[in-house]
Amino acid sequence: MENTKKYSVTVIIPTYNEEGSLEELYRQLTAMLEGSASAHELIFVDDGSADSSLQIIKRLRESDRRVKVISFSRNYGKSPALDEGFKAAKGEIVVTIDADLQDNPDEIPAMIAKLDEGYDLISGWKRNRQDPITKTWPSKLFNFTTSVASGIKLHDFNCGLKVYRREVVKRVHIHGELHRFIPVLAGWEGFRIGEMKVSHFERQFGKSKYGAKRLLNGMFDLMTVMFITRRSTTPLHLFGRIAFLFFAGGGLINLYFLVQWIMGKGLHVRPVMVLGLIMLVIAIQIGSIGLLAELYSSTMKKTFSFREYEIDDQ
Ligand code: UDP
Ligand code: MG
């Protein structure tokens with residue numbers, strides 16, 4: 001890429017049993033970066049592979065010190081692998097790419113150039129995804145739901161190919177399987193999110209680690225993300241509202257029976273009376289969960305992300 005600014009670039013490659021593709025991926029990435037970056041490092045995060053992935057990565061490092069090796073003692077998952085890479089990354093620009101050669105490294109320079117149009121994160125969009133229908137359809141549903149729920153307008157949240165400014169990866173932390181929500185978490189922190197169409201190839205080596213069953217987990221994770229982004233500092237605002245609804249409903253029902261009793265009509269246990277009592281109990285339960293969440297939230301260390309912070313006297 002001529003005429004565009006050259007950055008130092010860190011590429012993070014989460015790797016779980018990908019021995020068939022690593023050497024070719026290394027070749028493609030290195031050729032691309034030597035032409036387009038001012039300096040680079042390739043951080044392979046071996047996520048407890050059982051094949052010869054780690055040996056291959058270590059061999060690459062022997063002849064090229066720009067290859068960095070992080071190897072987990074067991075398989076923790078893609079999110080922990082990426083998070084560990086984020087911590088170690090030194091480049092001004094950080095790129096994540098899957099190890100399976102399903103993405104095209106040659107698209108990275110254009111994505112980096114797009115950052116300069118005023119973005120902090122450019123997420124790939126696998127327009128013609130080369131995966132079985134059992135993955136593409138659940139994925140469409142997932143992307144649609146996540147986009148509507150989060151208000152972040154992306155077509156493909158879970159693309160392995162993404163380009164970030166360093167500040168983003170130092171700020172956003174992912175655990176569990178939250179890597180699918182990086183754009184949501186980053187967007188919530190005020191980072192500007194863009195999208196770019198990328199090509200996608202069929203897997204040639206090894207097996208996919210994810211099946212359709214991740215859809216259900218994805219929905220749970222969406223709840224987690226919505227909760228931690230929206231309510232983390234004021235949980236009682238949410239729980240309190242729900243408790244209040246139950247309390248009001250149960251209270252009205254029982255008030256009705258109280259009035260009946262005062263008017264000497266005699267009390268008989270009726271289904272709606274049981275409902276009223278249950279609603280009061282639920283209100284107390286949900287209210288107390290909200291208070292516990294407040295207690296937890298008040299002890300949580302809070303940090304903020306800033307656009308400017310200049311307070312030193314000159
Ligand atoms: N991966 C990982 N740990 C895991 C599962 C996957 O590091 O527990 C890596 C995997 O090696 C690949 C990337 O995450 O580089 C995406 O995985 P995969 O290609 O299996 O997902 P798919 O493309 O089928 O959604
Ligand atoms: Mg893949």
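Every value quoted in this text rests on a predicted model; they were computed, and no experiment measured them. Start at 1 and go down the list; that is how both ligands and their atoms are numbered.
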Check: Hey, mind stepping through Lys126 and Asp103 against salt bridge (Lys or Arg N to Asp or Glu O under 4.0 Å) and telling me if it holds?
Finding: CA-CA 9 Å; Lys126 305 180 292 269; Asp103 309 303; over 6 Å; no
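- Residues Thr146 and Asn143 bring no donor and acceptor atom of their side chains to less than 3.5 Å of each other.
- Listed by chain and number, the residues in a salt bridge (Lys or Arg N to Asp or Glu O under 4.0 Å) with Arg127 amount to none (sequence neighbours excluded).
- A salt bridge (Lys or Arg N to Asp or Glu O under 4.0 Å) check over residues 278-296, counting only residues at least two apart or in different chains, returns nothing.
- At least one cation-pi condition fails for Arg74 and Phe72: the charged atom is not both under 6.0 angstrom from the six-membered ring centre and inside a 45 degree cone around its axis.
- Salt-bridge formation is detected for the pair Glu24/Arg27: a Lys NZ or Arg NE/NH1/NH2 atom is positioned less than 4.0 Å from an Asp or Glu carboxylate oxygen.
- A cation-pi arrangement is present between Arg180 and Tyr210 under the rule of less than 6.0 angstrom and at most 45 degrees off the ring axis.
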For ligand 1, list all ligand N or O to protein N or O distances below 3.5 Å, rounded to 0.1 Å.
residue: ligand 1; atom: 3 (N); partner: Asp47; partner atom: OD2; Å: 2.5
residue: ligand 1; atom: 8 (O); partner: Asp47; partner atom: OD2; Å: 3.2
residue: ligand 1; atom: 8 (O); partner: Asn75; partner atom: ND2; Å: 3.1
residue: ligand 1; atom: 11 (O); partner: Tyr16; partner atom: N; Å: 2.9
residue: ligand 1; atom: 11 (O); partner: Glu18; partner atom: OE2; Å: 2.6
residue: ligand 1; atom: 15 (O); partner: Pro14; partner atom: O; Å: 2.8
residue: ligand 1; atom: 15 (O); partner: Ala99; partner atom: N; Å: 2.8
residue: ligand 1; atom: 19 (O); partner: Asp100; partner atom: OD2; Å: 2.6
residue: ligand 1; atom: 19 (O); partner: Arg203; partner atom: NH2; Å: 2.8
residue: ligand 1; atom: 20 (O); partner: Arg203; partner atom: NH2; Å: 3.3
residue: ligand 1; atom: 20 (O); partner: Lys209; partner atom: N; Å: 2.7
residue: ligand 1; atom: 23 (O); partner: Gln102; partner atom: OE1; Å: 3.3
residue: ligand 1; atom: 24 (O); partner: Lys135; partner atom: NZ; Å: 2.3
residue: ligand 1; atom: 24 (O); partner: Ser208; partner atom: OG; Å: 2.7
residue: ligand 1; atom: 25 (O); partner: Lys135; partner atom: NZ; Å: 3.3

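- Between Glu92 and Arg166, no side-chain nitrogen of the basic residue sits less than 4.0 Å from a carboxylate oxygen of the acidic one, so the salt-bridge criterion is not met.
- Under 2.8 Å from the Mg ion (ligand 2), one finds the following protein N/O/S atoms: Asp100 OD2, Gln102 OE1.
- A salt bridge is absent between Arg65 and Glu41; no separation between the charged side-chain nitrogens and carboxylate oxygens falls under 4.0 Å.
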